[in-house]
Each structure stands twice: as structure tokens, then as C-alpha cells.
Number of protein chains: 2
Amino acid sequence: MIDLEQRLRSRGCRLTSQREAVLEVLEENQGRPLRPEDIHALAAKRLPGMGLTTVYRTLELFCELGIIAPVHLASGRNYFEVVAGKHRHYMECISCGGVETIEVCMIEELADKVRSGSDFQVTSHCLSLFGYCGECSRKGVAEGHARAGRGWGAA
Amino acid sequence: MIDLEQRLRSRGCRLTSQREAVLEVLEENQGRPLRPEDIHALAAKRLPGMGLTTVYRTLELFCELGIIAPVHLASGRNYFEVVAGKHRHYMECISCGGVETIEVCMIEELADKVRSGSDFQVTSHCLSLFGYCGECSRKGVAEGHARAGRGWGAA
DNA sequence: AATCTTATTGAAAATAGTTTTCAATAAATA
DNA sequence: TATTTATTGAAAACTATTTTCAATAAGATT
Ligand SMILES: [Mn+2]
Ligand SMILES: [Mn+2]
Ligand SMILES: [Zn+2]
Ligand SMILES: [Zn+2]
């Protein structure tokens, strides 16, 4: 539960029903990154007439407030998720597109190596693994099947 | 030096001057991920009249052939780089947008943890660090300055 | 070399995602 | 309640990418 009003006030922003709706949708979907379009569809159920433009504006604001963070998956599209206590990463199936969550993060070690090797000041990072989810592996999709999404592999 | 003709033949594809131009541009820029637009501009110098559409088609083909791989940075746009022997990652400055290369990769360890914890079959991954490059840090940009790019932080 | 087949190309149109503009609305304050 | 101005939704603008299609050219066949 995030105290939205507090965070907004601290920046001179107003608490609106649209912002509450977007936050509720995101909070109810922790562990499942959502696209702006999805968020709009879900928020519009609670608040009929709500515009997609407002969703985009709200997502940008929430990112600045540190309430949410963008998640970069293979499609290149933007997904968002609430920044909960623990830092998460993702595994995306290149066959069915399914996304699974990784609760482990070992980037600190890498960041340490970077610190000692350069003067770059790391503030955040993005890591996603791509491959085949259990179900798709079992179906044998991994053999014949070309990569999904835009057709581009990942790196 | 990649034997383009070989790889193309193996898939029944033809060797064209456009494909050669795109590969040359990418090979001359190892360590510096390029956008389709940049690649087009550089390739068109060698081959006047070359279309952007062809660049997109060629990039997709090269990805499938394993010649290049997409690089996902904070902007969400697509960058590409030749898949050289070593696997690389990147650091992108959220102030000036500069990209630096990391030659270290410790994802194997993470992949191991994933393997033992789920049935997901990892085939590739994507990791980028965000923060401030040495120059921007020194300028003190890191303090006042809001994040760059689309305004979204990174994760 | 001339001919044939069809993969490839460039231009234009179409799509998709996101941002900007602007007049109307509503949240916070006085 | 009146005032101020941040916020909103609709439409238009923009950017990146994909699709369509007729013209071209690579590679195979003669
Ligand atoms: Mn992490
Ligand atoms: Mn790696
Ligand atoms: Zn799957
Ligand atoms: Zn910088």
C-alpha cells in the first residue's frame, strides 16, 4: 500500500481519481508487468471514460515519484510494475510470450566490478532472460520454432 | 570478418550490395550499438539510394542468422551490434545518453540458479546498467538533473 | 551471353505506440 | 463560495516499424 496523496503533495501534484485508479490496477498486479494499454483497459473499468493519454502521463509521473519502474522485455515495448520492496527481474518465453518473475538479483556484484573499473555511477539496471518456458519446452517448440515477437533474438 | 555469402547461401538467400553495406557499417562500429536510422545513414553513403525499409529487413535477417543482436537500452528503442566472440553488456548515461561497454558477464551464475528453481530454458538475456557517466557525474548533473530520455527511470 | 525464375528492393501507404496541443474540468486553496 | 491552476480527454501530431506492390537484379539454366 503506497500513500499516494503524500507522494503527490510532496511535488505539488494533486490527488485525482484517475491516479488512484492507475495505482490500484498496478498494485493488484504485482509480479505481472503490464502495458500502458492493459493498464488503461483495467483502469477504465473502474473509471469509465478515462483516457489513454492520462495513463501515459500518470505512468511517467509515477516513475518520477519512484512508485513504479519500467520493465524492458524482448518486444521492445514498455511494461510497468510497482516497485515493491524486493527488486525483480524477468524471464520471457520467446515462444508464447509468457513472463515469469525472478526474485534473485546479483547485479550488485557486477556493479562492484564496474565501479572499480570505471567512473560510471550506476543507479539502476535492467535484466531479462529469454528462452522457453516449461510448457513450451515440453511441447518441443524450442526445436523447430523460430523466435517470436518481432523476430529478433535477444541480447 | 563474417563470411556473409556463406551464411546467406545456407538459407537460400542472395548476396546483395545492400546486405554487404549494412554488414560493413556494423562491423566498423563494434562496441557501439547503432539505431536502424544510423545504420541507414551510414550505409546510404556507400550505396546512395538505399532505402530504410531494406535496412529493417536486413537487420531482421541478420538477427535470424545470428550475425547481430538487438541491444535494449533505456529509451526503449532498438539498437544493434555485431555478435562478436565475447558477450557484451552496456552502461547508458541517463544524463547525456552516452553508451559504454561492459566486457564482463556473470549471468551464467544467475542462469544456474534459475535452472534449479524452475523449468524455464534460458537461451539469451539482456542486461544494461543505467546511471551517470564519469563526465556527467563530475559536472554534478547527478544531483539536480531529472532523468533523461523519455523521463522514465530504468529497471 | 541471353534467358528465366524469383528473391530482393524502394516508395508509399498502413500500423502501432507515444507525445503534444488545447479548451474544458475539477482539485486545492483562500 | 469564489479563485487559481493542475489535470483531463479528444484530436492531431509524431516516431518507429511493418506491409504492400510493382520494378529490379541475383543466381541458375540454357
Ligand atoms: Mn537486479
Ligand atoms: Mn551476459
Ligand atoms: Zn512459453
Ligand atoms: Zn553522461
Side-chain angles (χ1 to χ4, degrees), chain A residues 4-23 33-41 43-44 46-65 68 70-80 97 147-152, chain B residues 4-23 33-41 43-44 46-65 68 70-80 97 147-152:
Chain A
L4 187 55
E5 191 164 10
Q6 283 277 307
R7 301 222 200 179
L8 290 171
R9 285 263 166 82
S10 73
R11 290 226 340 183
C13 296
R14 295 176 183 177
L15 178 63
T16 67
S17 53
Q18 287 89 345
R19 287 172 178 166
E20 287 181 309
V22 168
L23 182 56
L34 298 174
R35 315 253 339 273
E37 213 182 321
D38 306 323
I39 294 166
H40 175 239
R46 301 160 182 269
L47 218 60
M50 173 163 193
L52 177 57
T53 307
T54 298
V55 170
Y56 276 103
R57 282 189 287 232
T58 303
L59 292 175
E60 179 165 4
L61 175 61
F62 284 6
C63 281
E64 286 169 12
L65 293 175
I68 63 174
V71 174
H72 305 290
L73 299 177
S75 66
R77 294 182 201 125
N78 283 297
Y79 288 74
F80 294 87
R147 64 209 94 219
R150 188 184 272 122
W152 291 336
Chain B
L4 187 55
E5 191 164 9
Q6 283 277 307
R7 301 221 199 179
L8 290 171
R9 284 263 166 81
S10 73
R11 291 226 339 185
C13 296
R14 296 175 183 177
L15 178 63
T16 66
S17 53
Q18 288 88 344
R19 287 170 178 167
E20 287 181 309
V22 168
L23 182 57
L34 298 174
R35 315 255 338 273
E37 212 181 323
D38 306 324
I39 295 167
H40 175 239
R46 303 161 181 269
L47 218 60
M50 172 163 193
L52 178 57
T53 307
T54 298
V55 171
Y56 276 103
R57 281 189 288 232
T58 303
L59 292 175
E60 179 164 4
L61 175 62
F62 284 6
C63 280
E64 285 169 12
L65 292 175
I68 63 174
V71 174
H72 304 290
L73 299 177
S75 67
R77 296 184 199 123
N78 283 297
Y79 288 74
F80 294 88
R147 65 208 94 219
R150 188 184 273 121
W152 291 334

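Chain letters run A, B, ... following the sequence lines, proteins first and then strands; every chain starts at 1.
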Side chain of [X] only, please: which of [options] is the nearest?
X       : options               : result
B:Tyr56 : D:dT17, C:dT18, D:dT8 : D:dT17
B:Arg57 : D:dA11, D:dT8, C:dT9  : C:dT9
A:Thr53 : D:dA10, D:dT8, C:dT18 : D:dA10

What is the separation between atom [atom1] on [X] and atom [atom2] on [N], rounded to the nearest whole Å?
X       : N      : atom1 : atom2 : answer
A:Tyr79 : C:dA16 : OH    : C1'   : 14 Å
B:Leu47 : C:dT8  : CG    : P     : 16 Å
A:Arg19 : C:dA28 : CZ    : P     : 10 Å
A:Arg11 : C:dA27 : CZ    : C1'   : 17 Å
A:Leu52 : D:dA11 : CG    : C1'   : 13 Å
A:Met50 : C:dT25 : CE    : P     : 18 Å
B:Glu20 : C:dT9  : CD    : C1'   : 15 Å
A:Glu60 : C:dT18 : CD    : C1'   : 11 Å

OP1 or OP2 of D:dT17 under 4.0 Å from side-chain N/O of B:Asn78: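 Yes, within the criterion.
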
Taking only side-chain nitrogens and oxygens of A:Gln18, does any of them come within less than 4.0 Å of OP1 or OP2 of C:dA26?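 For A:Gln18, the contact criterion (side-chain N or O under 4.0 Å from OP1 or OP2 of C:dA26) is not met.
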
Under 3.5 Å, is there a donor-acceptor pair between the side chain of B:Arg11 and the main chain of B:Leu65? no

Can a donor-acceptor pair be found, under 3.5 Å and without considering hydrogens, that links the side chain of A:Arg7 to the backbone of A:Phe62? no

Using the closest heavy atom to pick a nucleotide of DNA chain C for each, name whichever of B:Gly12 or B:Val55 lands nearer the 5' end.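 Checking each residue's closest nucleotide, the 5'-ward one belongs to B:Gly12.
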
So which atom in [X] and which in [Y] form the shortest heavy-atom distance, rounded to 0.1 Å?
X       : Y       : value
A:Pro33 : A:Tyr79 : O-CD2, 3.5 Å
B:Pro70 : B:Asn78 : CB-OD1, 4.5 Å
B:Arg19 : B:Cys13 : NH1-CB, 3.9 Å
B:Leu8  : B:Leu61 : CD2-CD2, 3.8 Å

For A:Leu47, what residues pass the side chain to side chain contact (heavy atoms under 4.5 Å, CB included) criterion, not counting sequence neighbours? A:Ser17, A:Gln18, A:Ala21, A:Met50

Using C1' atoms of five pairs at each end, report the bend of the helix from C:dA1-D:dT30 to C:dA30-D:dT1 rounded to 10 degrees. 30°

By side chain to side chain donor-acceptor pair (under 3.5 Å) - contacts of A:Arg46 (at least two apart):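 Side chain to side chain donor-acceptor pair (under 3.5 Å) check on A:Arg46 returns A:Glu24, A:Glu28.
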
Residues which pass side chain to side chain donor-acceptor pair (under 3.5 Å) with A:Glu5, listed by chain and number, not counting sequence neighbours: A:Arg9

Sequence-aligned protein contact record of nucleotides 24-30 of chain D, with B where the base is within under 4.0 Å of a protein heavy atom and S where only the sugar-phosphate is: -BBS---

